[in-house]
Peer 1: 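Quick one: this structure, given as structure tokens, is what I'll be asking you about.
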Amino acid sequence: MGQRFYDTATGAIRDFTPIVDGEVSIYYCGATVQGKPHVGHIRSAVVFDILTRWLEYAGYRVTLVRNVTDIDDKILTRSAESFDPEFTPTDDYPASEPWWALAYRFENAFAAAYAALGVRRPTYEPRATGHIPEMIQLIQRLIDAGHAYQALDGSADVYFDVKSWPAYGALTHQSADNMQDAEDAPTRGKKDPRDFTLWKSTQESDPAGASWQAPWGAGRPGWHIECSAMATKYLGRHFDIHGGGLDLRFPHHENELAQSSAAGDRFANFWMHNGLVTAQGEKMSKSVGNTVSPEEMLSMARAGAVRYFLGQAHYRSQLDYHPAALEEAQSALERIEMFQARAAALSSTPVGLDTVPEQFSRAMEDDLNVPEALAVLHATVRAGNSALDAGDSEAVMTYLSQVNTMVEVLGLNSAAEGDDTGSAAHRALEALVDAQIAARAQARQRRDWATADAIRDQLAAAGVVVEDAADGVTWSITEPKA
RNA sequence: GGUGGGGUGGCCGAAUGGUGAGGCAGCGGCCUGCAAAGCCGCGUACGCGGGUUCGAUUCCCGUCCCCACCUCCA
């Protein structure tokens with residue numbers, strides 16, 4: 001069939017052909033680091049992580065760039081507030097924190113969340129503040145081309161001239177004339193309320209470190225320009241895929257497209273947008289007050305389960321969170337892991353990676369149909385379990401290597417699990433549990449079921465699950481079920 | 001007002017003009033001292049009203065409802 005992706009700009013699923021044979025260049029929007037990560041950020045990262053892993057498995061060399069926007073109004077405002085004598089510090093926002101310290105602190109929080117969920121590092125992660133010259137250059141090209149202008153009020157503000165660009169609205173299929181004017185759209189110095197800021201002149205209240213010299217005066221970049229500048233710097237003026245959350249389509253991506261194409265760049269070949277995370281059908285957002293943070297999710301379930309949950313729906317569908325969702329994801333994941341563990345125990349050498357089943361590939365090629373791919377994974381697990389029960393080790397090994405490969409492509413084995421099996425505490429636990437299991441084995445030999453069951457119940461109450469398999473007794477630690 | 005996406009069995013969530021994924025939960029069976037895990041089987045879903053068709057959940061028309069975006073947003 002060949003690889004196909006849905007492209008927001010054309011509104012259709014199209015055959016994917018890389019610009020350079022065998023290579024794929026991807027840019028997707030990371031965070032504006034003004035606060036802690038939201039699950040939506042993480043879902044987006046998981047989606048593009050799966051995309052990258054799949055393309056690499058399929059033999060492409062992938063260059064993945066994800067931005068860190070570390071300068072914007074909110075970052076400066078948050079920082080300024082922290083210096084206010086009346087400011088009440090919180091865990092998330094300490095007092096007297098410079099804007100760059102605040103931005104970097106949250107950048108680290110994002111990195112930690114990505115790592116915890118097995119999101120691999122991109123090829124490069126450029127920061128906006130490190131690319132001011134590139135942005136100034138791009139703005140100058142737009143002014144020279146007649147698609148941007150210095151503010152009419154004489155300030156150093158520079159705006160993109162929406163009316164000068166008839167294709168404006170192409171990405172989201174809207175005509176600029178039909179757009180609702182924002183009630184609070186600042187119009188100072190603008191020719192048209194829809195014109196958006198490329199360069200924002202330095203205000204008196206701005207900290208000195210947040211100001212850069214430009215031909216039209218001191219200032220700092222507007223919100224959208226950094227992505228245009230950084231995407232083309234690292235991926236070229238024409239690259240394969242630009243991604244991000246659905247809510248970035250407008251205005252962020254629309255503006256990026258307008259800027260870059262008005263400057264003469266071809267920009268992205270495909271625009272891929274992931275669906276939003278909802279709770280009871282409504283977008284999770286701070287204003288609605290229905291958010292569940294990645295931190296909270298990680299405290300409720302294993303990292304692998306959170307990763308499974310965030311990745312299980314089709315990337316373009318909205319993903320609905322409900323209280324039992326993580327527990328369900330964990331059960332599904334454990335089913336896979338249980339097979340891997342049982343099957344691996346049959347072989348004295350580690351079982352490597354193989355190829356994925358044909359149907360799995362077909363699903364992934366079809367606009368990254370992960371739900372379908374997961375169905376193939378589960379079918380393979382079932383076939384593997386049957387082979388295990390039938391004692392067909394050769395078949396078991398084939399299924400195991402396929403499962404291992406699919407798990408790797410989906411990144412389900414990569415989430416941090418806080419492995420402490422080597423710790424002193426774990427060794428102590430092991431000795432105690434083993435002693436109990438030995439006592440239970442003696443009781444079972446005497447056919448003293450009451451004693452055997454009492455020992456098992458006692459361990460279970462402590463979170464240690466004992467299971468009798470044909471080839472011996474195993475135990476594992478689980479989260480107590482609520 | 002404009003643009004886009006939806007309404008699928010108890011829950012989540014795919015595909016599809018005809019033999020109706022998958023997971024979770026549930027029920028029955030096998031296995032087990034009992035469990036657990038695993039395997040087998042079961043439940044017969046597609047917002048509503050029309051139309052096209054031999055046949056529609058899938059296509060068309062109408063209608064109701066939900067969600068997202070329209071310069072903070074993953």
Peer 1: For the side chain of A:Gln312, counting heavy atoms from C-beta on, which of B:rC39, B:rC12, B:rA35 is nearest?
Peer 2: B:rC12
Peer 1: Starting the side chain at C-beta, find the nucleotide from B:rU71, B:rA15, B:rC70 nearest to A:Asn369.
Peer 2: B:rA15
Peer 1: Look at the side chain of A:Glu282 and decide which nucleotide, out of B:rA68, B:rA25, B:rA74, has an atom nearest to it.
Peer 2: B:rA68
Peer 1: Please work out if A:Val47 contacts a base, only the sugar-phosphate, or nothing of the nucleic acid, heavy-atom cut-off 4.0 Å.
Peer 2: nothing
Peer 1: Indicate the ring-plane relationship of A:His224 and A:His252, choosing parallel, tilted or perpendicular according to the 30° and 60° boundaries.
Peer 2: tilted
Peer 1: Between B:rC69 atom P and A:Met284 atom CE, what is the distance in whole Å?
Peer 2: 15 Å
Peer 1: Quick check: are there more than 12 heavy atoms from other residues, nucleotides or ligands sitting under 6.0 Å from CZ of A:Phe250?
Peer 2: yes
Peer 1: Take the protein atom CD of A:Glu328 and the nucleotide atom P of B:rC11, then report the distance between them rounded to whole Å.
Peer 2: 11 Å
Peer 1: On the 0 to 90° scale, with breaks at 30° and 60°, tag the A:His273-A:Trp271 ring pair as parallel, tilted or perpendicular.
Peer 2: parallel
Peer 1: Under 4.0 Å between any heavy atoms, over every strand shown, what does A:Gly30 touch: base, sugar-phosphate, or nothing? Just pick one.
Peer 2: sugar-phosphate
Peer 1: Which nucleotide in the set B:rC34, B:rA74, B:rG4 lies at the smallest distance from any side-chain heavy atom of A:His173?
Peer 2: B:rG4
Peer 1: From the set B:rA14, B:rC67, B:rC34, return the single nucleotide nearest to any side-chain atom of A:Arg440.
Peer 2: B:rC34
Peer 1: Phosphate oxygens OP1/OP2 of B:rC70: is one of them under 4.0 Å from a side-chain N or O of A:Arg249?
Peer 2: no
Peer 1: Checking contacts here: which listed nucleotide (B:rA21, B:rA74, B:rA37) is nearest the side-chain heavy atoms of A:Leu276?
Peer 2: B:rA74
Peer 1: Could you check how far CG of A:Asp192 sits from P of B:rU71, rounded to whole Å?
Peer 2: 13 Å
Peer 1: Under 4.0 Å between any heavy atoms, over every strand shown, what does A:Gly245 touch: base, sugar-phosphate, or nothing? Just pick one.
Peer 2: sugar-phosphate
Peer 1: For B:rG9 and B:rU71, measure between their P atoms and round to the nearest Å.
Peer 2: 36 Å
Peer 1: Need one value for A:His252: base, sugar-phosphate or nothing, where a base atom within 4.0 Å counts as base even if backbone is also close, heavy atoms only.
Peer 2: nothing
Peer 1: Under a 3.5 Å cut-off for both contacts, is B:rG1 paired Watson-Crick or G-U wobble with anything, and if yes, with which nucleotide?
Peer 2: B:rC70
Peer 1: Measuring only the C1' atom in each nucleotide, how far is B:rG20 from B:rA14? A whole number of Å is fine.
Peer 2: 12 Å
Peer 1: When you compare B:rG10 with B:rC70, how far apart are their P atoms, in angstrom units rounded to a whole number?
Peer 2: 36 Å
Peer 1: Do the side chain of A:Lys283 and the base of B:rC67 come within less than 3.5 angstrom through a donor-acceptor pair of N or O atoms?
Peer 2: no
Peer 1: Looking at the base of B:rC70, is there any donor atom on it, or on the side chain of A:Asp247, that sits under 3.5 Å from an acceptor on the other one?
Peer 2: no
Peer 1: Among the nucleotides B:rG33, B:rG22, B:rA74, which one has an atom lying closest to any side-chain atom of A:Trp449?
Peer 2: B:rG33
Peer 1: Nearest to the side chain of A:Tyr6, heavy atoms from C-beta on, is which of B:rA14, B:rU71, B:rG5?
Peer 2: B:rG5
Peer 1: Between B:rC60 and B:rC67, how far apart are the C1' atoms? Round to whole Å, please.
Peer 2: 25 Å
Peer 1: Checking only heavy atoms, does the side chain of A:His314 share a donor-acceptor pair with the base of B:rA14 at less than 3.5 Å?
Peer 2: no
Peer 1: In this structure, how many angstroms lie between the P atom of B:rC72 and the CZ atom of A:Phe250, rounded?
Peer 2: 10 Å
Peer 1: Mind checking if A:Glu254 touches a base, just sugar-phosphate, or nothing, with heavy atoms under 4.0 Å?
Peer 2: nothing
Peer 1: Under 3.5 Å, is there a donor-acceptor pair between the side chain of A:Glu296 and the main chain of A:Ser293?
Peer 2: yes
Peer 1: Should B:rG38 form a Watson-Crick or G-U wobble pair with both distances under 3.5 Å, which nucleotide is its partner?
Peer 2: B:rC30
Peer 1: Nearest nucleotide by nearest heavy atom, which residue falls closer to the 5' end of RNA chain B, A:Asn274 or A:Thr172?
Peer 2: A:Thr172
Peer 1: Parallel under 30°, tilted from 30 to 60°, perpendicular over 60°: which one fits the rings of A:Phe16 and A:Phe5?
Peer 2: perpendicular
Peer 1: Is there, by distance only and without an angle test, a donor paired with an acceptor across the side chain of A:Arg444 and the base of B:rG33 below 3.5 Å?
Peer 2: yes
Peer 1: Rounded to whole angstroms, how far apart are CG on A:Leu410 and P on B:rG22?
Peer 2: 17 Å
Peer 1: Determine the interatomic distance between P on B:rC30 and the same-named atom on B:rG13; round to the nearest Å.
Peer 2: 36 Å
Peer 1: Rounded to whole angstrom units, what separation is found between the CE atom of A:Met338 and the C1' atom of B:rG23?
Peer 2: 15 Å
Peer 1: With P as the reference atom in both, quote the distance from B:rC46 to B:rC59 in angstrom, rounded to an integer.
Peer 2: 16 Å
Peer 1: Any side-chain donor-acceptor pair under 3.5 Å between A:Asn413 and A:Glu408?
Peer 2: yes
Peer 1: Does A:Ala383 or A:Ser317 map to a spot on RNA chain B nearer the 5' end, using the closest nucleotide for each?
Peer 2: A:Ser317
Peer 1: So which nucleotide from B:rA74, B:rG23, B:rG2 ends up closest to the side chain of A:Gln174?
Peer 2: B:rG2
Peer 1: Counting side-chain heavy atoms from CB outward, which of B:rU71, B:rA74, B:rG23 is closest to A:His41?
Peer 2: B:rA74
Peer 1: Take the protein atom CG of A:Asp195 and the nucleotide atom C1' of B:rU71, then report the distance between them rounded to whole Å.
Peer 2: 11 Å
Peer 1: Applying a 4.0 Å non-hydrogen cut-off, can you work out what A:Thr278 is touching in the nucleic acid: base, sugar-phosphate, or nothing?
Peer 2: nothing
Peer 1: Establish whether the base of B:rC34 is bridged to the side chain of A:Arg456 by a donor-acceptor pair shorter than 3.5 Å.
Peer 2: yes
Peer 1: Any base atoms under 4.0 Å from A:Ala332, or only sugar-phosphate, or nothing? Heavy atoms, all strands.
Peer 2: sugar-phosphate
Peer 1: With under 30° as parallel and over 60° as perpendicular, where do the rings of A:Tyr168 and A:Phe160 fit, or are they tilted in between?
Peer 2: tilted
Peer 1: Under 3.5 Å, is there an N or O donor on one side and an acceptor on the other linking the side chain of A:Asp453 and the base of B:rG33?
Peer 2: yes
Peer 1: Can you tell me, in whole Å, how much space there is between the P of B:rU19 and that of B:rC24?
Peer 2: 25 Å
Peer 1: Establish, with yes or no, whether the OP1 or OP2 oxygen of B:rG4 is under 4.0 angstrom from a side-chain nitrogen or oxygen of A:Thr8.
Peer 2: no
Peer 1: When the distance from CG of A:Asp457 to C1' of B:rA35 is rounded to whole Å, what number comes out?
Peer 2: 9 Å
Peer 1: Is the A:His242 ring parallel, tilted or perpendicular to the A:His253 ring (thresholds 30°, 60°)?
Peer 2: perpendicular
Peer 1: Answer yes if the side chains of A:Asp195 and A:Tyr149 hold a donor-acceptor pair under 3.5 Å, and no otherwise.
Peer 2: yes
Peer 1: How is A:Asp468 classified with respect to the nucleic acid when contacts are heavy atoms under 4.0 Å: base, sugar-phosphate, or nothing?
Peer 2: base
Peer 1: Once you apply the 3.5 Å cut-off to both distances, tell me the Watson-Crick or G-U wobble partner of B:rC48, or none.
Peer 2: B:rG62
Peer 1: Using a 4.0 Å heavy-atom cut-off across all strands, classify A:His378 as base, sugar-phosphate, or nothing.
Peer 2: sugar-phosphate
Peer 1: Work out how far the P atom of B:rG50 is from that of B:rC40, and round it to whole angstrom.
Peer 2: 42 Å
Peer 1: Does any N or O in the side chain of A:Thr398 come within less than 3.5 Å of the main-chain N or O of A:Glu394, such that one atom is a donor and the other an acceptor?
Peer 2: yes
